Amino acid sequence: ADDETYRLMITTVGKEEGQFFTSEELLNFPCGELQTIDQLWVTHSKGKYGFSVQKEIYLSCGGVADGRYHDKAYDKFGDTVAWRENNSWQFEMDWDGGGPRGHLPVLRGDVDDMGGVGWSNGGVSSLASRLVDCSR
């Protein structure tokens, strides 16, 4: 499901698999598609996973839905969703659904060194911001 989510999202912004999201693309991701993808995650995980679940957790960790990287909030978020262990980013996912609430989706392959946005540098905040905007 995580790979399919990435594929659908990257196609929606007009890119090919293996390419990365920019902050701008996530901040302007089409609301209908984002809400549909999120609802599929939330429904099929019985409320355990999804972007809206991650948004709620991120905001409860002191995050701000502004598309920027907030290191303390993101570290706390990573600890909460088990993406960090002993102050180190792990991203060893439990693909069988055993991870904590908010553990998925991860959108593996969304981090690069050339300005692409991944969950480690503002992606969670960008999608949280977009979900807030889409619910207005």
Side-chain angles (χ1 to χ4, degrees):
D2 196 63
D3 289 340
E4 181 65 10
T5 298
Y6 167 77
R7 188 190 67 71
L8 288 169
M9 289 181 69
I10 208 73
T11 302
T12 298
V13 298
K15 292 185 172 184
E16 296 178 14
E17 282 191 55
Q19 293 183 313
F20 307 101
F21 300 105
T22 65
S23 181
E24 193 69 23
E25 288 164 340
L26 293 176
L27 286 168
N28 292 296
F29 198 86
C31 288
E33 284 89 338
L34 181 60
Q35 291 168 323
T36 297
I37 291 167
D38 178 58
Q39 192 57 48
L40 287 167
W41 274 100
V42 171
T43 298
H44 292 285
S45 70
K46 297 178 176 63
K48 186 174 182 180
Y49 302 137
F51 296 125
S52 59
V53 173
Q54 290 175 341
K55 176 194 79 168
E56 177 187 311
I57 294 167
Y58 178 70
L59 296 176
S60 74
C61 290
V64 179
D66 62 1
R68 296 191 183 110
Y69 176 69
H70 301 277
D71 58 347
K72 289 180 184 173
Y74 191 68
D75 286 351
K76 187 174 179 183
F77 172 83
D79 292 338
T80 303
V81 300
W83 292 359
R84 269 176 35 118
E85 188 173 301
N86 299 321
N87 294 323
S88 178
W89 292 95
Q90 301 296 318
F91 288 103
E92 298 198 14
M93 300 299 109
D94 183 335
W95 301 113
D96 294 326
R101 187 170 183 268
H103 189 65
L104 300 172
V106 178
L107 300 181
R108 294 176 295 166
D110 66 346
V111 181
D112 76 351
D113 296 325
M114 304 300 291
V117 174
W119 279 195
S120 62
N121 61 356
V124 172
S125 177
S126 294
L127 282 179
S129 177
R130 188 63 181 149
L131 283 167
V132 169
D133 290 344
C134 290
S135 65
R136 291 184 182 158

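Since this is a predicted model, take the numbers as computed values, not measurements. If you read the sequence from its start, that first residue is 1, and numbering goes on from there.
Residues Ser129 and Asp66 bring no donor and acceptor atom of their side chains to less than 3.5 Å of each other.
The disulfide (SG to SG under 2.5 Å) analysis of residues 26-73, with sequence neighbours excluded, yields the pairs Cys31-Cys134.
For Glu56 (side chain) and Val53 (main-chain N/O), no donor-acceptor pair under 3.5 Å exists by modelled atom type. Side-chain N or O atoms of Lys48 include one that pairs as donor or acceptor with a backbone N or O of Gly99 at under 3.5 Å. A distance-only check finds no donor-acceptor pair linking the side chain of Tyr6 to the backbone of Ala1 [under 3.5 Å]. Listed for the Gln54 side chain is no donor-acceptor partner under 3.5 Å among the backbone atoms of Tyr49. Listed for the Asp38 side chain is a donor-acceptor partner under 3.5 Å among the backbone atoms of Ser52. Judged purely by atom type and a 3.5 angstrom limit, Thr11 uses its side chain to pair as donor or acceptor with the backbone of Arg7.
One finds the OH atom of Tyr74 at 11.5 Å from the OG1 atom of Thr80 (value rounded to the nearest 0.5 Å). Atom CG of residue Asp71 and atom CZ of residue Phe77 lie 15.0 Å apart, to the nearest 0.5 angstrom. Here the OG atom belonging to Ser126 is positioned 12.5 Å from the CZ atom belonging to Phe29, to the nearest 0.5 angstrom. Between Arg84 atom CZ and Asp79 atom CG the span is 4.0 Å, to the nearest 0.5 Å. Here the CG-CG distance, from Asn28 to Leu34, works out to 11.5 Å after rounding to the nearest 0.5 Å. Atom-to-atom distance recorded for Leu27:CG and Leu127:CG is 8.5 Å, nearest 0.5 angstrom.
Legend: residues meeting side chain to side chain contact (heavy atoms under 4.5 Å, CB included) with Ile37, ordered by chain and number and at least two apart, are Thr5, Leu8, Met9, Trp41, Phe51. When the side-chain hydrogen bond (donor to acceptor under 3.5 Å, both in side chains) test is applied to Glu85, no partner is found at least two apart in sequence or on another chain.
The two residues Trp83 and Pro105 have their closest heavy-atom pair at CZ2-O, 3.7 Å. When all heavy atoms of Ala65 and Val132 are compared, the closest pair comes out as CB-CG2, 4.3 Å. When all heavy atoms of Ile10 and Gln19 are compared, the closest pair comes out as CD1-O, 3.4 Å. Closest approach of Ser125 and His70 over heavy atoms only: OG-CD2, 4.5 Å. The nearest pair of heavy atoms linking Ala128 to Lys55 is CB-CG, 3.5 Å.
Residues Pro30 and Thr12 are in side-chain contact: their nearest non-hydrogen atoms beyond the backbone lie under 4.5 Å apart. In this structure, Ile57 and Arg101 have side chains that are in contact, with non-hydrogen atoms separated by less than 4.5 Å.
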